[in-house]
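First the proteins, then the strands, lettered A, B, ... as listed; each starts at 1.
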Number of protein chains: 2
Amino acid sequence: MVSEAKNNKRYRCPVEATLDVIGGKWKPLILWQLKAEKLRFSGLQQSMQGISPKMLTKQLRELEEAGLVLREVYPEIPPRVEYSLTEFGKTVLPVLDALCEWGNKYLDRECVLGKNEELEAADGPALQ
Amino acid sequence: MVSEAKNNKRYRCPVEATLDVIGGKWKPLILWQLKAEKLRFSGLQQSMQGISPKMLTKQLRELEEAGLVLREVYPEIPPRVEYSLTEFGKTVLPVLDALCEWGNKYLDRECVLGKNEELEAADGPALQ
DNA sequence: CAGCATCCGCAACGATACTG
DNA sequence: CAGTATCGTTGCGGATGCTG
């Protein structure tokens with residue numbers, strides 16, 4: 001996704017570039033998890049219940065290639081890899097906040113307009 | 001996408017809801033087009049070169065169901081349908097702006113880091 | 001532990017033709 | 001003009017098994 005983006009993708013507008021980098025099913029969650037703390041692969045996997053290692057790896061590599069995430073490998077036995085946000089990566093946090101805030105507005109509105117059963121409008125990405 | 005969202009989708013975080021509503025390949029462009037002016041179906045189709053009528057219809061219906069877009073049908077011959085942003089729809093514009101702004105930062109950075117050939121970092125969603 | 005390899009279903013997206 | 005209807009393609013994301 002990102003790799004292709006860097007190599008050959010032409011965006012019709014910068015919004016597309018952003019969505020390409022921080023969009024998708026997992027990337028926002030990953031970035032949110034890394035907001036506060038450096039995390040290991042297994043830590044991230046547990047934070048986001050249900051993601052397969054393959055998928056997590058893929059997302060992390062893309063975020064790394066985009067320059068948002070730093071991957072530190074400690075050549076130990078057993079292996080240890082830690083992921084954290086780069087300085088540039090931290091610049092997306094306000095964007096994520098904006099998305100989150102509007103999402104809450106949208107969900108509240110949907111709720112008010114009827115239709116919904118139950119709805120915990122979490123204040124941030126929180127699992128379950 | 002949105003319809004399913006309203007009916008049965010449970011978001012793990014509000015960011016996902018937002019991306020579901022304004023994300024995807026076409027929705028940001030459509031919203032951007034409608035930012036300034038009310039547009040007819042054919043007008044939108046031309047603004048976004050390459051979209052098929054089926055796709056455009058689908059995106060517009062989803063935006064309509066999400067409450068962002070107003071669809072006005074004039075029962076004339078030939079038919080005329082005009083699309084515009086609702087008041088609620090206008091509340092996403094700042095979010096789009098944020099996405100756009102960060103996208104430009106990202107693209108500039110990618111450019112500076114080498115690799116890119118040509119890159120017109122448009123100031124907003126502008127076709128070609 | 002932190003992954004890579006492989007296979008695969010399904011939803012998104014696209015092209016074209018046709019209609020009230 | 002503003003769409004439907006139909007068919008085809010693509011690739012995201014998931015499941016499972018294996019490795020240094």
Side-chain angles (χ1 to χ4, degrees), chain A residues 1-5 7-9 11-12 16 19-30 33-34 38-66 69-84, chain B residues 1-5 7-9 11-12 16 19-30 33-34 38-66 69-84:
Chain A
M1 196 176 190
V2 169
S3 49
E4 298 85 21
N7 294 330
N8 54 45
K9 204 175 279 182
Y11 296 110
R12 290 161 302 172
E16 283 190 320
L19 292 179
D20 210 20
V21 173
I22 72 167
K25 184 170 181 179
W26 299 107
K27 294 212 184 76
L29 280 310
I30 294 174
Q33 294 297 329
L34 294 178
K38 185 179 293 194
L39 280 172
R40 315 180 47 164
F41 189 87
S42 54
L44 275 168
Q45 196 172 7
Q46 284 154 20
S47 299
M48 296 168 304
Q49 182 116 342
I51 193 173
S52 69
K54 168 197 164 186
M55 214 50 213
L56 182 53
T57 300
K58 184 163 169 268
Q59 305 302 314
L60 284 170
R61 291 293 142 81
E62 288 173 2
L63 288 171
E64 187 189 0
E65 190 175 358
V69 159
L70 177 67
R71 179 171 181 263
E72 295 173 285
V73 182
Y74 299 86
E76 313 166 348
I77 306 270
R80 178 163 58 106
V81 179
E82 290 185 340
Y83 293 92
S84 55
Chain B
M1 198 175 188
V2 170
S3 48
E4 298 84 21
N7 294 328
N8 54 44
K9 204 174 279 182
Y11 296 110
R12 290 161 301 173
E16 283 190 319
L19 292 179
D20 210 20
V21 173
I22 72 168
K25 183 169 181 179
W26 299 107
K27 296 212 183 75
L29 281 309
I30 293 174
Q33 294 298 327
L34 295 178
K38 187 179 291 195
L39 280 173
R40 315 178 49 161
F41 189 88
S42 55
L44 275 168
Q45 197 173 4
Q46 283 155 21
S47 299
M48 294 169 304
Q49 182 118 342
I51 193 172
S52 69
K54 169 193 164 186
M55 213 51 211
L56 182 54
T57 300
K58 184 166 172 264
Q59 305 302 314
L60 285 170
R61 293 291 143 82
E62 288 173 2
L63 288 171
E64 188 189 0
E65 190 175 358
V69 159
L70 177 66
R71 179 172 180 262
E72 294 174 286
V73 182
Y74 298 85
E76 312 167 347
I77 306 269
R80 179 162 58 103
V81 179
E82 290 184 341
Y83 293 92
S84 56

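Atoms CD1 (A:Ile30) and C1' (C:dA2) sit 15 Å apart, rounded to a whole Å. Rounded to a whole Å, the CG atom of B:Leu56 is 13 Å from the C1' atom of D:dT4. Summarising the geometry, the separation between CG on A:Leu19 and P on C:dA12 is reported as 16 Å, rounded to the nearest angstrom. Summarising the geometry, the separation between CZ on B:Arg12 and C1' on D:dG13 is reported as 11 Å, rounded to the nearest angstrom. Going from atom NZ of A:Lys58 over to atom P of D:dG13 covers 6 Å, rounded to whole Å. One interatomic measurement links the two molecules: CG of B:Leu44 to C1' of D:dC1, which rounds to 13 Å at whole-angstrom precision. When the C1' atom of D:dA2 is taken as reference, atom CG of B:Leu60 falls 11 Å away, rounded to whole Å. For B:Gln59 and D:dT4, the CD to C1' distance is 16 Å, given to the nearest whole Å.
Residues B:Ala66 and B:Val21 share a closest heavy-atom pair of CB-CG1, 4.0 Å. Across every non-hydrogen atom of B:Leu19 and A:Pro28, the tightest pair is CD1-CG, 3.8 Å. Pairing each heavy atom of A:Leu29 with each of A:Met48, the nearest pair is CB-SD, 3.6 Å. Of all heavy-atom pairs between B:Arg40 and B:Pro79, the closest is NH2-O, 3.6 Å.
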Open item on the list: I need a per-nucleotide contact map over nucleotides 14-19 of chain C, read 5' to 3'. Cutoff is protein heavy atoms under 4.0 Å; write B for the base, S for backbone only, - otherwise.
Closed with: BB----
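Every salt bridge (charged side-chain N to carboxylate O under 4.0 Å, His left out) that A:Arg80 has, sequence neighbours left out, goes to A:Glu76, A:Glu82. Shown here are the side chain to side chain donor-acceptor pair (under 3.5 Å) partners of A:Glu72, two or more places apart in sequence or in another chain: A:Lys38. Partners of B:Leu60 under the side-chain contact (heavy atoms from CB on, under 4.5 Å) rule, at least two apart in sequence or in another chain, are B:Ile30, B:Phe41, B:Leu44, B:Leu56, B:Tyr83. Residues passing the side-chain contact (heavy atoms from CB on, under 4.5 Å) test with B:Lys54 are B:Ser52, sequence neighbours excluded.
Across D:dA2, C:dC13, C:dC1, the shortest atom-to-atom separation from the side chain of B:Arg40 is found for D:dA2.
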TODO: Report the C-alpha distance between B:Lys58 and B:Arg61 in whole Å, list the side-chain angles of each, state the deciding distance to 0.1 Å, and finish with yes or no for side-chain contact (heavy atoms from CB on, under 4.5 Å).
DONE: CA-CA 5 Å; B:Lys58 184 166 172 264; B:Arg61 293 291 143 82; 6.0 Å; no
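Residues of residues 74-84 of chain B that place a heavy atom closer than 4.0 Å to DNA chain C, in numerical order, are B:Pro79.
Between A:Lys25 and B:Arg12 the shortest side-chain heavy-atom distance falls below 4.5 Å. B:Glu65 has its side chain out of reach of B:Glu62: every pair of non-hydrogen atoms, C-beta onward, lies at least 4.5 Å apart.
Counting only Watson-Crick and G-U wobble pairs whose two key distances fall under 3.5 Å, DNA chain D forms stems of three or more stacked pairs at C:1-20 with D:1-20.
Look at B:Arg61 and you won't find any side-chain N or O under 4.0 angstrom from OP1 or OP2 of D:dA2.
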